[in-house]
Student: 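Have a look at the structure that comes next, please.
Note that this is a predicted model, so its numbers are computed, not measured.
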Amino acid sequence: MTQLTRRELLEMAAAGVLLSGTATPAMAAGNDRIVISGASGQLGDQAVKDLLATGVPARSLILVSRTPEALAQYAKLGAATRFGDFSKPESLPAAFAGGTRMLLISIGTSAGPRSVAHGHAIDAAKAAGVKQIAYTSWLGISKGDTQGIAVDHVATEALLRKSGVAYTFLRNSLYMEILLPQAARMVADGKATVAAHEVRVGYVSRGDCAASAAAALATPGHDNKIYDITGPALLGVADIAAAATAATGKPISVVPADPNAPAPRSFAGPSLAFTSTAVADLTGRPATTVKAFFAENRAKLGA
């Protein structure tokens, strides 16, 4: 079989053409229509691509964004592209109309608690007849974190539980993408510093988060389930430095931090110091390693 271009794959997905004889998400989804909130953002856009590439037809997608014009490529394939703004609840009934499943991507907002905006989306989705909402939550909740970044996620999970709509909580770890600037500094300096009380974290690629979300929506069996979305291994400074060296060939020495220096600000608390197999369980493939991720993003490391 000749290799297909990405555009050809997307066009085949839009037409509902299956790429193998095995069961696919498109077959499992049946007559469902999947709403993707924040579809023009990085995570939402990748989730759309994953759904299309695995056989969900574009006509089964309702893509919602504050900038729906950015979704023109998917509209051409047959997806519905609609304006929707969580801070403008009057925009949401039309945005979600006809949807049966939904990916609720957590938003950032300066206009009060984001759980309030999420609540608007949950209420509108329920009224529209959505029967499952997959929500991108926070990994630390699984280990009892209720402070800081966890506050709005805990509140949103509570709203979903009370809504009566089937939920799927995708509790994402920190993205590997945030390691790229840190690794680029290591490469430039030839040195990496390990804090005295370093917490090693199961960083996960944004692509794995998107693929997991797509699978949770397009395959059955995920109602009222919670998944801890992590990378395959706990990573500390030495691991990051080793992966950066492997990607660039630049040696990096690892040294302990000055014990009198203030600790750097970080979201990497003890509640993130674990890994799971959820990415592989949901997608059927292993989670991306930091070595593979850095190799793919070698140019961003300054090599």
Student: Are F293 and E177 packed together at the side-chain level, in the sense that at least one heavy-atom pair is separated by less than 4.5 angstrom?
Tutor: yes
Student: Should the heavy atoms of other residues, nucleotides or ligands under 6.0 Å from CZ of R66 be counted, would the total exceed 12?
Tutor: no
Student: Is there side-chain contact between W138 and L174, with at least one heavy-atom pair below 4.5 Å?
Tutor: yes
Student: Quick check for you: to the nearest 0.5 Å, what is the distance between S106 atom OG and D152 atom CG?
Tutor: 7.5 Å
Student: Among H222, R101, Q132, K225, find the one that has a side chain to side chain donor-acceptor pair (under 3.5 Å) with T168.
Tutor: Q132
Student: Is F274 linked to I240 within one hydrophobic cluster, defined over Ile, Leu, Val, Met, Phe, Trp and Tyr using a side-chain heavy-atom separation of less than 4.5 Å?
Tutor: yes
Student: Answer whether the closest heavy-atom distance between the side chains of V64 and F86 falls below 4.5 Å.
Tutor: no
Student: Start with the C-alpha gap between T288 and D208, add the side-chain angles, then the distance that decides, and say whether side-chain hydrogen bond (donor to acceptor under 3.5 Å, both in side chains) holds.
Tutor: CA-CA 7 Å; T288 304; D208 284 346; 3.1 Å; yes
Student: Do R82 and P68 have side-chain heavy atoms sitting under 4.5 Å apart?
Tutor: no
Student: Under the ring pair (Phe, Tyr, Trp, His ring centres under 6.0 Å) test, which residues partner F294, sequence neighbours left out?
Tutor: none
Student: What distance do S276 atom OG and D228 atom CG have between them, rounded to the nearest 0.5 Å?
Tutor: 5.0 Å
Student: Is there a side-chain contact between D50 and T283, using heavy atoms and a 4.5 Å cut-off?
Tutor: no
Student: Could you state the interatomic distance from OG1 (T275) to CG (L234), rounded to the nearest 0.5 Å?
Tutor: 5.5 Å
Student: Indicate yes or no: at least one non-hydrogen side-chain atom of P89 is less than 4.5 angstrom from one of D123.
Tutor: no
Student: Do L61 and V56 have side chains that approach each other closer than 4.5 Å (heavy atoms only, starting at C-beta)?
Tutor: yes
Student: Ring centres under 6.0 Å, that's the criterion: do H153 and F169 meet it?
Tutor: no
Student: Between V199 and L272, does the side-chain contact (heavy atoms from CB on, under 4.5 Å) criterion hold? Intermediate values first, please.
Tutor: CA-CA 8 Å; V199 176; L272 303 183; 5.7 Å; no
Student: Mind checking the OG1-CD1 spacing from T245 to I252? Nearest 0.5 Å is all I need.
Tutor: 3.5 Å
Student: Mind checking side-chain hydrogen bond (donor to acceptor under 3.5 Å, both in side chains) for D281 and listing every partner two or more places apart, or none if nothing turns up?
Tutor: T277
Student: Are V151 and I149 linked, directly or through other ILVMFWY residues, by side chains that come within less than 4.5 angstrom of each other?
Tutor: no
Student: Between I141 and I226, is a side-chain contact (heavy atoms from CB on, under 4.5 Å) present by the stated rule, with each step listed?
Tutor: CA-CA 11 Å; I141 296 173; I226 299 172; over 6 Å; no
Student: Would you compute the distance between atom OH of Y135 and atom OG1 of T156 and round it to the nearest 0.5 angstrom?
Tutor: 3.5 Å
Student: Any chance you could measure T136, atom OG1, to I229, atom CD1, to the nearest 0.5 Å?
Tutor: 10.5 Å
Student: Looking only at non-hydrogen atoms, find the nearest pair between A134 and L217 and report the distance.
Tutor: CB-CD2, 4.1 Å
Student: Could you go through the salt bridge (charged side-chain N to carboxylate O under 4.0 Å, His left out) check for D223 and K131 one step at a time?
Tutor: CA-CA 9 Å; D223 288 2; K131 60 188 180 183; over 6 Å; no
Student: Might you confirm whether atom CD of Q42 has over 12 heavy atoms from other residues, nucleotides or ligands at distances under 6.0 Å?
Tutor: no
Student: Measure the shortest side-chain to side-chain distance between Y74 and K49 over non-hydrogen atoms and say whether it is less than 4.5 angstrom.
Tutor: yes
